[in-house]
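Numbered from 1 within each chain, the chains take letters A, B, ... in sequence-line order. Note that the structure is predicted; figures quoted are calculated from it, not measured.
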2 protein chains.
Amino acid sequence: MTPQNDGAARATPARRPTIKDIARRAGVSESAVSFALNGRPGVSQGTRDRIHRVAEDLGWQPNSAARALSGERSGCVGLVLARPAHTLGVESFFLQLVSGVQEVLAARKVALLFQVVEDIEAECAVYRRWWAEKRVDGVLVVDPRSDDPRPELLDSLGLPSVMIGAPAEGERQVSTVWADDSAAMASVLAHLYELGHRHVVHVAGLPGLAHTERRINSLRTEAGRLGLTAIRSVPTDYSDAEGAEATRRVLDSDAPPTAIVYDNDVMAVAGVAVAAERGIKVPGELSIVAWDDSALCRVTHPRLTALVRDTSGFGRLAAEELLARLDGGPVRSLQAELPHLEPRESTGPPTSGA
Amino acid sequence: MTPQNDGAARATPARRPTIKDIARRAGVSESAVSFALNGRPGVSQGTRDRIHRVAEDLGWQPNSAARALSGERSGCVGLVLARPAHTLGVESFFLQLVSGVQEVLAARKVALLFQVVEDIEAECAVYRRWWAEKRVDGVLVVDPRSDDPRPELLDSLGLPSVMIGAPAEGERQVSTVWADDSAAMASVLAHLYELGHRHVVHVAGLPGLAHTERRINSLRTEAGRLGLTAIRSVPTDYSDAEGAEATRRVLDSDAPPTAIVYDNDVMAVAGVAVAAERGIKVPGELSIVAWDDSALCRVTHPRLTALVRDTSGFGRLAAEELLARLDGGPVRSLQAELPHLEPRESTGPPTSGA
DNA sequence: GACATGAGCTAAACCGCATTAGTAGCGTCG
DNA sequence: CGACGCTACTAATGCGGTTTAGCTCATGTC
């Protein structure tokens with residue numbers, strides 16, 4: 001079509017304008033342009049306006065590399081997701097989180113560098129590389145663990161960072177944004193208790209994750225407070241397969257529970273499927289609660305009672321905190337809005353008390 | 001803990017080594033270092049080895065900004081996802097795609113810039129900005145539309161790009177990586193036809209999307225070939241809500257279908273829920289096929305017959321093509337492996353032929 | 001022995017911007 | 001009226017690489 005493009009050759013459609021071009025057109029020096037465009041003093045209002053007009057005309061945008069090289073900032077923040085590829089299943093949490101993050105970052109013209117890796121070692125390697133390459137100004141860290149090597153690493157690299165999901169441990173230079181899983185678990189158990197459930201099983205997520213531990217501990221504490229003994233948590237890897245397997249195991253036990261709380265939506269749905277397989281009525285014979293709401297929970301039959309969080313709000317909060325850190329703000333620990341329980345059709349009074 | 005860190009102040013943990021440091025330590029000029037580290041001629045093997053050793057010792061990594069500024073490349077490619085925030089529901093497709101993309105990019109030390117925006121106008125604005133800022137070397141474009149403004153824009157910007165999902169339209173300098181939706185739809189219809197279905201409804205996705213159009217057209221063509229008349233497609237926005245709504249409508253019609261093909265997994269699951277609501281047996285009275293497999297399809301009861309694609313393989317292919325373009329390769333149109341149908345429990349012969 | 005050749009290296013320019021250190025012009029003050 | 005300070009600007013430098021031009025020395029050639 002375009003005759004000058006013979007195969008591999010790429011056209012050079014329009015040279016990017018630089019401040020030099022602006023300087024020439026406005027009849028001033030490059031420094032004056034730089035001052036004007038960055039709102040620094042040293043230029044008269046008239047000249048400033050003229051420079052802005054010319055820049056606008058030319059459609060100038062700062063070359064991010066040049067800015068990163070001379071200034072401090074790269075204008076990027078990073079997010080690494082460490083998950084074995086096969087685990088990247090149905091997980092609405094992430095895209096929602098990221099969309100919240102973007103909302104805040106985009107407004108400040110900060111880009112998000114995203115990387116998916118296999119495991120936490122690879123994740124640490126990415127941080128090191130990004131740091132060495134000076135590719136990012138800071139990072140958002142997800143899936144905090146109970147014995148997490150990342151805060152120390154990030155601290156030693158001096159890479160500003162925000163942990164998403166768990167309150168700080170130790171005295172690291174790492175902000176945290178978290179939701180109160182303990183209180184949330186308490187509210188779930190209270191809901192089930194009020195309905196009359198005395199025997200509840202918690203199908204938990206990965207044991208290494210900090211929020212898993214907190215949910216498990218909270219469940220134990222609250223059960224003690226209510227005088228319940230037939231309460232326990234069983235660990236899984238969050239997959240539908242293990243969720244189903246755990247469900248079968250607890251239903252097969254001598255004293256099956258009257259309610260199950262699942263640590264994510266996928267496992268909860270898998271649990272419903274197991275119940276359906278066996279002809280167990282939900283919520284008549286078994287009540288089910290999903291931690292984290294999603295389309296999934298509204299799509300099954302019966303629709304699932306779920307713990308709703310404002311995930312994208314969570315992302316916004318985290319991004320704001322990271323930007324604040326980059327601007328020299330203090331290390332903080334921020335708490336997101338408390339999740340609330342959305343009762344739907346999968347929970348009800350047990351038919352026969354234990 | 002660390003006494004020198006008083007609040008906002010960030011520590012400077014270790015200066016990043018530069019080629020200057022390497023040059024000094026190796027007793028050569030900076031240019032020699034650059035030549036050696038980039039495998040260019042002009043340095044003896046001995047010196048080259050020495051330089052490499054020193055670089056290794058110092059843990060040197062090229063500063064991405066500096067490299068971007070002097071060289072051509074920024075070492076980043078971009079991916080923009082245009083979705084209204086509330087649509088970011090259960091969608092395994094993306095994370096899987098991205099994980100495949102990363103696998104290839106990471107091996108070449110190319111970073112992925114990721115952005116979620118509201119709509120396609122915002123998406124175009126992001127491309128313009130990235131181009132002007134010289135932030136990315138190329139982009140991956142998803143969700144091709146039947147009348148898509150993006151290829152023209154990217155072409156005019158001279159931004160190397162790969163469209164994921166649809167074959168090229170027109171003569172743009174844009175590579176495409178796509179799956180044969182037409183053939184896939186034909187195989188789905190053949191499967192249902194063999195089982196005895198003569199009345200099939202296709203609950204389609206967004207009408208504007210190119211692959212939606214191709215599926216619809218293929219369905220019509222194939223139905224014609226098989227002599228079927230009671231075949232149609234109904235459009236939706238991919239959400240579980242519209243999927244359920246469409247299901248109710250077609251089941252309420254005068255001549256309800258014996259099988260429904262859904263354009264994604266979420267809607268298929270919603271369809272199963274609607275059937276359950278009404279006591280319609282799946283697959284006895286209604287067969288259901290989901291386009292795109294996911295944990296979701298294996299988690300419901302009955303488990304869904306689904307069209308399986310190697311999504312992360314798709315991502316790998318796209319990333320490889322983009323890297324090839326960046327290396328000056330020609331614009332190509334690559335076809336991914338044909339999706340295959342995975343029969344599970346949601347399809348079977350209809351109880352009474354139409 | 002004069003000269004071309006090429007390998008191996010260095011010096012210097014450059015990428016686009018930010019920033020620091022001037023400098024010219026001008027009003028003010030003692 | 002010269003010292004001083006202020007405003008509005010320019011020149012120069014640096015960020016960390018890549019790249020081009022040039023320089024030196026050994027070797028080969030007729």
Asker: Examine C/dC15: is either OP1 or OP2 under 4.0 Å from a nitrogen or oxygen in the side chain of A/Asn63? Give yes or no.
Answerer: no
Asker: Is B/Pro41 touching bases, backbone alone, or none of the nucleic acid, heavy atoms closer than 4.0 Å?
Answerer: nothing
Asker: Just so I know, are the side chains of A/Phe35 and A/Ile51 near enough to count as touching, which here means a heavy-atom distance under 4.5 Å?
Answerer: no
Asker: Does a donor on one side chain sit under 3.5 Å from an acceptor on the other, for A/Ser44 and A/Thr47?
Answerer: yes
Asker: Under 3.5 Å, is there a donor on one side chain and an acceptor on the other for B/Ser312 and B/Gln96?
Answerer: no
Asker: So which of B/Pro160, B/Cys76, B/Ser161 actually passes side-chain contact (heavy atoms from CB on, under 4.5 Å) with B/Val136?
Answerer: B/Cys76
Asker: Can you sort out the partners of A/Asp57 under salt bridge (Lys or Arg N to Asp or Glu O under 4.0 Å), two or more places apart, ordered by chain and number?
Answerer: A/Arg25
Asker: Nearest whole Å is fine: how far is C/dG16 C1' from A/Arg67 CZ?
Answerer: 10 Å
Asker: Using the side-chain contact (heavy atoms from CB on, under 4.5 Å) rule, pick out the option among B/Val117, B/Asp143, B/Val142, B/Asp119 that qualifies with B/Arg83.
Answerer: B/Asp143
Asker: Applying salt bridge (Lys or Arg N to Asp or Glu O under 4.0 Å), which residue pairs with at least one partner in residues 123-132 of chain B are found, sequence neighbours left out?
Answerer: B/Glu123-B/Arg150, B/Arg129-B/Glu133
Asker: Across nucleotides 5-14 of chain C, 5' to 3', mark each nucleotide with B, S or - according to how protein heavy atoms within less than 4.0 Å reach it.
Answerer: ---SBBBB--
Asker: In terms of side-chain geometry, is the basic nitrogen of B/Arg73 or B/Asp327 positioned less than 4.0 Å from the acidic oxygen of its partner?
Answerer: yes
Asker: With distance as the sole test, does B/Ser175 use its side chain to make a donor-acceptor pair with the main-chain N or O of B/Arg332 at under 3.5 Å?
Answerer: yes
Asker: Identify, residue by residue, the members of residues 53-61 of chain A with a heavy atom below 4.0 Å from DNA chain C, and return them in order of residue number, or none.
Answerer: A/Trp60, A/Gln61
Asker: Per the side-chain contact (heavy atoms from CB on, under 4.5 Å) rule, which among B/Leu326, B/Asp137, B/Val101, B/Leu323 passes with B/Val110?
Answerer: B/Leu323
Asker: NA contact type, B/Ser34, heavy-atom cut-off 4.0 Å: base, sugar-phosphate, or nothing?
Answerer: base
Asker: Should A/Arg67 and A/Asn38 count as side-chain neighbours, where that means a heavy-atom distance under 4.5 Å?
Answerer: yes
Asker: Is any side-chain heavy atom of A/Leu113 closer than 4.5 Å to one of B/Phe114?
Answerer: no
Asker: Based on the rotation axes of five pairs at each end, what angle does the helix from C/dG1-D/dC30 to C/dG30-D/dC1 bend through, to 10°?
Answerer: 70°
Asker: Can you give the first and last nucleotides of DNA chain D, 5' to 3', that have an atom under 4.0 Å from a heavy atom of chain B?
Answerer: D/dG16 to D/dT20
Asker: Would you compute the distance between atom CH2 of B/Trp178 and atom CD1 of B/Ile164 and round it to the nearest 0.5 angstrom?
Answerer: 15.0 Å
Asker: Taking only the side-chain nitrogens and oxygens of A/Arg16, find out if one of them lies under 4.0 Å from OP1 or OP2 of C/dG16.
Answerer: no
